[in-house]
Amino acid sequence: MSQNRKSQSAGTRIGAMLLVMLIILLIGGGGVGYVWQKNEIREMSQKKRQKENRLEDLRRENKMHRDRLDYLRLPWVLEVRARELNLGLVPCPPEQVVRLSEPVAASTALTNAKPGLLARRSTPGT
Amino acid sequence: MKKPIQKKILWLMTLAMVAGFMGLGYRLVDLQVLQHVELGEIAQSNTRRAYYLAAPRGDIRDCNGNLLATSKLIKTVCADPTLICNKHVGNRQAEVVQVLSPILQMSEAELFRLIQPRTFTNKAGKLIPDQYVVLKHKVGLEDWQRLTNAMHQINLGMEDKSRPVKDRYAYQRLRASAIFSEDDQLRVYPNKNRAAHVLGYVGTATGSQTSNSVMAAEAVKSGSLAAAPEFKRGDGDLNMRRPVEVEGKDGLERTLDQALKGVPGWRATELDVARHELVAFRDQDVPARPGLTAILTLDLGLQEILETELAEAVQKHTPISISGIVVRPATGEILAMATLPNFDPNNPGAFDPSHRRNRVITDLAEPGSTYKIVVVTGALNEKKVTPGELFNCEQGHFVYGGRVLTDHGRYGVLSVEQVITKSSNIGAAKIGIKMGADLLYQYERAFGFGERTGIELPGERIGTVYPPEHWTKLSITRIPMGHEVEVSPIQMVMAMSALANGGKLMRPWIVNRLQDESGKVVQQYQPRLVRQVCSENTARQMVAALKTVVLTNGTANKAQLENYVVAGKTGTAVKNFGGHYVNGKYFSSFIGFFPADRPELCISVVMDEPHNGYFGGQAAAPYFHNIAERAAKYLSIRPDSLTVDIMAMPQRTNRLTTARSR
């Protein structure tokens, strides 16, 4: 046996060493990779959470601004505002209203139109 | 050669190691197998959390997109008493209360009471410290932000690094987590009292789980949340703490509750030791589905006109109540509906319950002469009479069934059309007698009396219309003039709208469509024909008769409009208390539509016990006039007939002149 050991070439030993090193590298690399991957997952989780929070905040702000805009557009709010600013806005007096007699054809068409549809129709809501 | 002593030591060490490993092995089996269930629950309770994601309640808007009701995000502020008072930080209630009291505007005594440590018994019979106490509902976001900052800056003198780590950690948790919040919603009605009865109001939900709540409960039962004891603190099967839910209590808020409230979502996830979410370990993440937005047929501009005019009428006539409705006869769309006195839906509890009642659909009364349209329409439609047929009105004194029926004037012979013009009770009674009980009853039902109109508002009453077999001998003379029946204002206005609409009775509707957040229409509602009450020809004859009511010799000349021909009918009914008519107490009404030959709007004004004039033509008709005049301008309804002074145009002083078609 000792003769056999002595007869082993240096190349064989280097190969074994390389194999061992490779295994160690693989195991070590796998471990480091696992930790790195876990860390990445954690960081991405945090980023995702931050972005979710940001999105939520933006949605909330958007809703607040939308509500504020809707409030400012309310007819009675506009009326109060116009009064506050003293712009002198009043309904136009009858002498400023010009009414034109409608052409016969159009008038007939309107008269024959389905009742209830002549007045200003509602516009779609926002 | 090893010495015997060395062998002994080796054996002893081997034995000790084996014993040690056996001990460790036993402990391993004990922890992982024998105590697996209990310890697993504790481990999960430390890390796993499940909570609801609240769904924002949908808005309600008018036909022009004006906001009528919306929801504002607010907070419910809660506390965890175990973090405020424990062996690591000591009792810190006083310091915390000092921070909370000015911001939450609550007394210190009340806060002390709330954050007292207390325990409760769980399902397993164990005493568990209470970690959830609600301090205050409806806290604004700004106040919550101030509160968070104040808690983070609270100084308890525990930052000394010489203190044990556990103490410092407990101190950090006190500052960061002892006071926490849950999302909540506040329903806001920016127009305050406007259309309050239509919109209704909301209150705290009292019962049923939402569909997603049930699904979440199922998930908890069957899936990954099964072993999480943290979730067992909640209510019933759900195992999650339910957010404070609101539900519609009245009006459209109630009718459309399912559509408006949306569906809450839920999230099951894990937290790290610092209570930060580990997103990678999220088990279930079901987003909330926001409530739908309801777009109404109601027009805020018209509602404003209606309510301001009704308020004027209240000032002048001081009735117990007054109601008004504006309907588009061709479609049955309700454009405005109001009842005074009303209430502010932002704070409904501050008002008398009677103010919260929508009298338009709930209050029944004998309608009086407006009901004459039923008998005359029926008689004309059945060819029992013709518009020109004459009836002797007995000089206002008609004896029938041993009782005297009177008119408010001493009328002689009147045509059917004049019976309407003068609102003769005797004339209507004689038409009723000629028509017969069965036919009269048939037309009462055909006009929709004695049944719900189908409007999407809760609490509508059907009224009282007796079948002929329950009539007395006098009924045939009393019903034609609007006695011995009880109807609601909405039924009456829809009956009048049917005549304006060529005899077609439409279902009144107030919700135009439901749409989602992006504006996509989810449900579009359409006009619905209930039935053809009479022929178009009969309806035309009735319109012709109703036009005469507002002429100078009619009962409601104050309802005349400058640029439009109006058709309508007055009503003045003596109030009936327990079967007895009480003189001096009246229901006064006027229901009319215009332009009479192509009706755009049908408007009803009903007053309960007006003063300073009680006839429908005196009390209600002037307000019909005002509402109609303003509504016509607002909607730009084309005047009936125009002539323009062309010569005056260059000077821009041309004046509008009208020529009535009749």
Side-chain angles (χ1 to χ4, degrees), chain A residues 37-38 40-53 55-57 59-64 66-79 91-102 106-107 110-126, chain B residues 56 59 61-67 70-73 141 188 190-191 194 276-282 293 295-297 299-301 304 328-331 333 500-502 512-513 515 519 521 595 597-601 632-639 642-644 646 649 652-656:
Chain A
Q37 192 192 30
K38 283 285 174 191
E40 282 291 295
I41 289 170
R42 190 180 142 275
E43 280 181 11
M44 286 176 75
S45 296
Q46 283 179 349
K47 278 183 190 165
K48 185 180 175 188
R49 184 73 193 148
Q50 281 167 2
K51 290 201 184 301
E52 279 176 351
N53 288 343
L55 185 64
E56 193 59 36
D57 288 346
R59 281 197 180 130
R60 197 172 295 161
E61 275 177 36
N62 195 22
K63 163 100 174 107
M64 274 170 59
R66 212 170 47 224
D67 285 352
R68 180 82 187 136
L69 182 64
D70 284 336
Y71 176 77
L72 292 172
R73 279 176 171 171
L74 286 171
W76 67 269
V77 178
L78 291 173
E79 200 179 314
C92 65
E95 58 267 23
Q96 286 186 350
V97 179
V98 177
R99 290 187 190 272
L100 303 176
S101 54
E102 291 171 13
S107 178
L110 281 171
T111 311
N112 294 336
K114 196 177 172 186
L117 300 176
L118 300 178
R120 192 180 72 190
R121 299 299 296 173
S122 58
T123 50
T126 50
Chain B
D59 294 344
R61 291 171 184 275
D62 81 342
C63 64
N64 297 314
N66 290 316
L67 197 61
T70 189
S71 289
K72 190 175 153 189
L73 186 67
L141 291 183
V188 179
N191 303 294
R194 288 277 173 274
H276 294 136
E277 189 196 353
L278 299 168
V279 180
F281 294 99
R282 253 185 216 171
T293 294
I295 308 291
L296 308 186
T297 59
D299 188 316
L300 192 59
E304 172 90 13
R328 201 188 289 276
T331 58
E333 289 165 276
N501 192 33
N512 181 284
R513 62 186 180 277
Q515 59 188 39
V521 176
D597 296 312
R598 45 183 179 83
E600 294 287 350
L601 299 179
K633 273 186 193 162
Y634 174 74
L635 293 174
S636 303
I637 296 175
R638 193 169 64 94
L642 295 170
T643 59
V644 180
I646 301 293
M649 277 183 72
R652 300 189 64 78
T653 55
N654 52 314
R655 301 295 296 270
L656 172 73

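Computed over heavy atoms, backbone and side chain alike; hydrogens, waters and symmetry mates excluded.
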In short, N66(B) meets R73(A) closest at the heavy-atom pair OD1-O, 4.2 Å
Taking all heavy atoms of L74(A) and all of P190(B), pick out the closest pair and write down the distance.
-> CD1-CB, 3.7 Å
Flag the one option from E52(A), M44(A), M64(A) with the top tally of heavy-atom pairs under 4.5 Å to chain B.
-> E52(A)
Flag if over 12 foreign heavy atoms under 6.0 Å of CZ, R59(A) = no
Of the backbone (N, CA, C, O) and the side chain (C-beta and beyond), which part of L601(B) lies under 4.5 Å from a heavy atom of chain A, both, or neither?
-> neither
Contact origin within L67(B) toward chain A - heavy atom pairs under 4.5 Å = both
Hey, what do you get for CG (D59(B)) to CZ (R66(A)), rounding to the nearest 0.5 Å?
-> 7.0 Å
Test side-chain hydrogen bond (donor to acceptor under 3.5 Å, both in side chains) on K63(A) and T70(B) and set out the steps.
-> CA-CA 10 Å; K63(A) 163 100 174 107; T70(B) 189; 2.9 Å; yes
Non-hydrogen side-chain atoms of E277(B) and K48(A) separated by less than 4.5 Å | no
Closest non-hydrogen atom pair between S45(A) and A280(B), with its separation | OG-N, 3.4 Å
Contacting moiety of R194(B), where chain A heavy atoms sit under 4.5 Å | neither
Among T297(B), L73(B), L278(B), which residue forms the greatest number of heavy-atom pairs with chain A at distances under 4.5 Å?
-> L73(B)
